[in-house]
Structure formats: structure tokens, C-alpha cells
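Remarks on the structure that follows.
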Amino acid sequence: MNRLKIALAASVGLAIAAIATAEVYKWVDERGVTHYSEHPPAHGAAKRIESPPAPAPGAPAAPGWREKEEGFQKRRAETGQAEPAPSAQGDPAARNAPLLAGKYLTTVRAWATYAMHGEILSGRLGLTVVGSPALEGEAWLRAEFLVPMLRTRDSAMIANPAPPLQLLLIPEQGLLRIHPGEHVTFETPELEHLRCVPYPATIALYRDPRGDEPLDVHRQRVYARIDGSKVRSDGELGAALASGKECAP
């Protein structure tokens, strides 16, 4: 029993160490858009972004990103600034929602892409923002998306018009650099059970990589116009995309 406990403790320690040393890569595509990922691109050069230095021995551990995010969300809710969850019926105004411009960031593109995996429709939500001259130097940011729960293939979930939602941080570990005039793209992994609703996205902007109190919070909704519960084949997906209709039957 003691050996089992020691083995489990060692496994947990290795997992924590792996997360703490997660790497982030940065590269610019042919369109001049900056991308960030935990894996380098298949083609082209990428720059590895160094993690913030480790605390000195004996120093108290800094709160993790999730703890900081939970604290921020709690403070936002207490002040009445919590973002409402998307409605199961969708928000018609969000179908043509304007791209937002703030003091430090402007959204230049918001999109959803789709792919079939058997009879399961998956999609990716994405945002591209540009830093304004008001940034006055280097800043740091991270995006959060409120999305359906991942990797759930239960038939009851597929038929659910309003599946449970979760907070998805991009990148999950660390923050990303941005300079005035620089474009940064965020894209979620493949998500199942997308519905015809506006999915809230929030970009928190910081002055340093520690992720203390945000300098600004930039909100943008990403609209998924295809109802995942009504598409079951590549042909149906092609017809829905070709129709140009939102929430095509």
C-alpha cells in the first residue's frame, strides 16, 4: 500500500512539473497574422516563448492562472459585470454583431469553422485582434471562451439544445505578448455540440506576464451559425454552408 501511495505521489509530481514547463510557440503566417500554440507549426520557423522565471527557493508560490482567473471572475460577478450565458434560442442581434474597438485592442476578425467526424459536427471558434498605439510598448494577454463541454459523445448531450458550458483559456498556461500594431490570433480546439448562439469571448490585457489585475478586458461574441444537432453528414454540412443561412435546418 505504501509503495502504491509513493508511486501515485510521484506520478502527480511529474504531471505538475510537465504543466509548469509547458512551452508556447509564436509564429507569423503569410498574411502577417501572429499565432500562438503549445506546438510549433508543421512548416516555417517559430519562436519559443520563455516562461516567467521560477520563484526563489522558500518564496511563497504564486497563484496559478486558474486561481487568478477564478478570482477575477468572482470579482466581476460581485460587481455585476458577469457575462450572461448564451441563450438556447440564440441572439439574433449577434448574427451581425459589429467587431469591437476598445482603447487598447480592436477585433479585426471573428469566425467559426466546421468539420464532420462521423456523425458528429465539430467546430472551432476564432478571434484576431490588433494592439492599438495606446498600448505604448509591450503588453500581455490571454483569451477566454465560454464553450460547450468538450469530448462528450453521449446521445442525450447531442440532443440537448443547451449543453453545459465551461470556461476555456487560450493559452491554458501563461500569457501572450502583444505590441502596438501587432495582430494576434486565438482559436479554440475542436468543440462538439456547437449551437446557434453567440459564444462570449473575453481577452484580458496585462502589463506584465504575471497576470495580476488586468489593465483592460476586451469582450467579443463569436457566433456559430450552424446547429450541430441538425447536421449528421458531410453532405448536410456542405448544404448548410452553401445555403448561407444561419441555423440552416
Side-chain angles (χ1 to χ4, degrees), residues 29-39 41-44 83-100 106-130 143-172 183-203 219-249:
D29 64 18
E30 65 277 2
R31 297 173 297 174
V33 176
T34 303
H35 297 264
Y36 293 89
S37 172
E38 294 181 359
H39 304 283
H43 304 286
E83 189 78 32
S87 163
Q89 290 75 35
D91 182 353
R95 301 184 185 187
N96 299 303
L99 300 178
L100 301 182
T106 297
T107 304
V108 295
R109 185 178 173 224
W111 71 89
T113 58
Y114 306 92
M116 292 300 305
H117 299 282
E119 294 185 351
I120 303 296
L121 176 67
S122 297
R124 295 177 184 267
L125 305 177
L127 281 173
T128 297
V129 298
V130 61
E144 64 178 43
F145 291 82
L146 192 61
V147 300
M149 294 188 69
L150 306 179
R151 304 182 184 91
T152 304
R153 297 181 178 274
D154 182 78
S155 59
M157 174 67 75
I158 296 174
N160 187 352
L165 300 175
Q166 66 176 4
L167 188 68
L168 181 64
L169 303 181
I170 302 177
E172 184 177 356
H183 289 68
V184 174
T185 293
F186 300 94
E187 188 174 39
T188 69
E190 286 195 336
L191 308 170
E192 298 176 0
H193 318 302
L194 287 178
R195 296 294 188 265
C196 291
V197 297
Y199 290 103
T202 302
I203 299 176
R219 295 185 176 90
Q220 178 75 54
R221 291 181 293 183
V222 185
Y223 191 74
R225 68 179 181 85
I226 295 180
D227 190 333
S229 67
K230 298 180 180 178
V231 174
R232 287 289 181 269
S233 67
D234 289 326
E236 291 178 355
L237 174 59
L241 292 172
S243 72
K245 297 179 180 179
E246 294 160 342
C247 301

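- Remark: Thr185 OG1 to Leu127 CG distance equals 9.0 Å, nearest 0.5 Å.
- Using a 4.5 Å heavy-atom threshold, the side chains of Gln166 and Val147 count as touching.
- Atom CG of Leu121 is separated from atom CD of Glu236 by 10.0 Å, given to the nearest 0.5 angstrom.
- The line from OG1 of Thr107 to CZ of Arg219 is 12.5 Å long, rounded to the nearest 0.5 Å.
- Between Leu167 atom CG and Glu144 atom CD the span is 4.5 Å, to the nearest 0.5 Å.
- Using a 4.5 Å cut-off on side-chain heavy atoms (C-beta onward), Leu191 and Phe145 make no contact.
- Summarising the geometry of Pro189 relative to Arg124, their closest heavy-atom pair is CA-NH1, 3.5 Å, with the distance given to 0.1 Å.
- The two residues Ala240 and Ile226 make their nearest non-hydrogen contact at CB-CD1, 4.1 Å.
- How far CZ of Arg225 is from OH of Tyr114: 6.0 Å, rounded to the nearest 0.5 Å.
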### Message
Evaluate Gln220 against Val129 for side chain to side chain contact (heavy atoms under 4.5 Å, CB included), listing each step before the verdict.
### Response
CA-CA 10 Å; Gln220 178 75 54; Val129 298; over 6 Å; no
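- Minimum interatomic distance between Trp111 and Thr128 (heavy atoms only, all atoms of both residues): CZ3-OG1, 3.5 Å.
- Shown here for Ala224 and Ala112, the closest heavy-atom pair between the two residues is CA-CB, 4.4 Å.
- Separating the CG atom in Leu237 from the CZ atom in Arg232 is a distance of 12.5 Å, to the nearest 0.5 Å.
- Here the side chains of Thr188 and Val222 are not in contact, with every heavy-atom distance at 4.5 Å or above.
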### Task
For the pair Leu99 and Thr106, evaluate side chain to side chain contact (heavy atoms under 4.5 Å, CB included) and give the outcome as yes or no after the intermediate values.
CA-CA 8 Å; Leu99 300 178; Thr106 297; over 6 Å; no
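- Of all heavy-atom pairs between Pro198 and Arg221, the closest is CB-CD, 3.9 Å.
- The minimum heavy-atom distance linking His117 with Ser122 is given by the pair CD2-OG, 3.5 Å.
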